[in-house]
Amino acid sequence: MIKDTLKTLGDSARSLFRNWRGLLLLSALYAALLACCYVFFSTGQANAWQLVVSALTALAAPLLFFALQAGVANFALPDRTFGALVRGTLRDFLKVLLLSLPLIALGVLFVYLLGKLQAYLPKPDEATHVYVSATAEPKPVPLHWPDALASSLWLLLLGIILPLLAAHLWLSAARDGLLLTLKKIHRVVGRAFLPQSILVYSVGLFVFGLMPYFILFTRTSVSNGWTELLLFGLRLVLAFVFTLWGWTITLGALARTTPGEPSNVGMPTADESPVPSPTVAEATPVVETPAQLQES
């Protein structure tokens with residue numbers, strides 16, 4: 001299974017550059033989303049114009065996010081041309097939005113429950129002031145298991161379960177349509193948590209989630225100001241590339257490992273050849289005349 005998973009991820013990565021115009025479209029949508037988020041958090045609220053800018057960016061950022069996810073879901077489907085990508089992004093934008101609303105409600109519920117759980121968990125004991133000599137080595141801080149449990153639940157629910165379920169719902173909406181996705185939603189949820197699907201997402205999570213985090217927050221000691229500025233710009237570009245390309249490659253691999261629902265339900269497959277219906281000559285009974293009966 002690991003070999004098949006790596007092969008699927010490699011096929012998805014190779015197909016990433018075949019539709020370079022589609023990749024530019026996704027990059028433009030992602031850049032616009034980041035720009036809206038930056039303008040929203042950096043704009044003050046001193047006058048009416050700044051309030052209007054904040055409101056517009058607050059409205060545009062979620063719309064750009066769902067448009068980007070619709071574009072990535074269509075881009076992940078094999079043999080999708082640029083024209084089909086543009087049409088699919090415009091067509092599936094509302095489907096992705098509607099399918100995401102229950103997931104957003106689940107995310108809010110998880111955040112509320114996890115916050116309540118952390119409030120009831122025992123807190124670590126306050127460190128006592130112990131005077132030690134300068135040559136003594138500090139003792140390692142013991143692991144606080146309630147905090148480790150809470151952090152694991154945060155990662156499992158909000159970092160794996162909900163994004164993996166959302167990815168499969170978006171892929172199914174782009175491939176099979178909204179009605180068929182809702183009709184077969186139990187199958188979509190079941191395919192989302194197959195072992196190979198979880199393995200593909202885990203490898204992709206390292207690329208589009210953990211790698212950008214380490215790139216942005218790993219400190220490098222640089223004495224020159226211009227070098228530090230160039231290094232910071234390079235980090236931003238690498239985080240942009242790893243996030244967008246890693247998510248697109250992951251969805252492409254998920255689309256290859258989980259086929260969609262057949263649209264021709266009830267139709268004979270290639271292995272089941274239809275039974276030929278009798279012709280008119282075969283279906284009409286032969287009536288013999290009395291002369292023919294005497295001859296026989």
Side-chain angles (χ1 to χ4, degrees), residues 8-41 53 56-101 103-104 163-178 181 200-201 203-205 207-209 211-212 215-216 233-260:
T8 305
L9 287 168
D11 295 338
S12 178
R14 283 190 294 270
S15 65
L16 183 70
F17 303 100
R18 296 175 184 172
N19 190 1
W20 60 271
R21 293 190 297 172
L23 187 59
L24 288 178
L25 175 63
L26 297 182
S27 301
L29 288 174
Y30 187 42
L33 172 62
L34 295 179
C36 284
C37 294
Y38 174 77
V39 171
F40 175 77
F41 287 107
V53 172
L56 290 177
T57 52
L59 178 63
L63 297 180
L64 287 172
F65 174 79
F66 293 117
L68 175 63
Q69 301 308 322
V72 172
N74 280 272
F75 189 90
L77 300 180
D79 301 329
R80 187 57 62 102
T81 61
F82 177 74
L85 174 63
V86 174
R87 293 190 298 269
T89 301
L90 297 176
R91 181 190 65 236
D92 299 330
F93 163 74
L94 186 59
K95 301 176 186 178
V96 170
L97 176 60
L98 293 177
L99 289 173
S100 301
L101 293 179
L103 299 179
I104 295 174
L164 185 58
L165 183 57
H168 280 270
L169 289 175
W170 296 338
L171 286 173
S172 180
R175 179 169 46 195
D176 304 322
L178 180 61
T181 300
V200 168
Y201 180 80
V203 176
L205 180 63
V207 177
F208 70 80
M211 285 294 293
I215 289 173
L216 288 176
L234 181 61
R235 285 182 176 182
L236 291 180
V237 172
L238 289 178
F240 181 91
V241 169
F242 274 101
T243 305
L244 178 62
W245 292 10
W247 180 244
T248 306
I249 292 172
T250 303
L251 259 69
L254 291 176
R256 287 166 171 80
T257 55
T258 54

- Message: Can you list everything that forms a side-chain contact (heavy atoms from CB on, under 4.5 Å) with L16? Sequence neighbours excluded, please.
- Response: L23, F75, W245, T248, I249
- Item | Pairs involving residues 87-96, ordered by first then second residue, that meet side chain to side chain donor-acceptor pair (under 3.5 Å) (sequence neighbours left out) | N74-D92, D92-K95
- Message: Run the ring pair (Phe, Tyr, Trp, His ring centres under 6.0 Å) test against F82 and tell me which residues pass, sequence neighbours left out.
- Response: none
- Note on the structure: Residues passing the side chain to side chain donor-acceptor pair (under 3.5 Å) test with R18, sequence neighbours excluded, are none
- Message: Run the side chain to side chain donor-acceptor pair (under 3.5 Å) test against T181 and tell me which residues pass, sequence neighbours left out.
- Response: S172
- Query: Partners of L56 by side-chain contact (heavy atoms from CB on, under 4.5 Å), sequence neighbours excluded?
  - Reply: V52
- Item | Contacts of type salt bridge (Lys or Arg N to Asp or Glu O under 4.0 Å), residue R14, not counting sequence neighbours | D11
- Task: Under the side chain to side chain donor-acceptor pair (under 3.5 Å) rule, collect the residues that match up with S15, sequence neighbours excluded.
- Result: R256
- Note on the structure: Across all chains, not counting sequence neighbours, the side-chain contact (heavy atoms from CB on, under 4.5 Å) partners of L234 are L238
- With L90, which residues qualify under side-chain contact (heavy atoms from CB on, under 4.5 Å), at least two apart? V86
- Query: Among all residues two or more places apart in sequence or in another chain, which pass the ring pair (Phe, Tyr, Trp, His ring centres under 6.0 Å) test with W170?
  - Reply: none
- Item | Partners meeting ring pair (Phe, Tyr, Trp, His ring centres under 6.0 Å) with F66 (sequence neighbours left out) | none
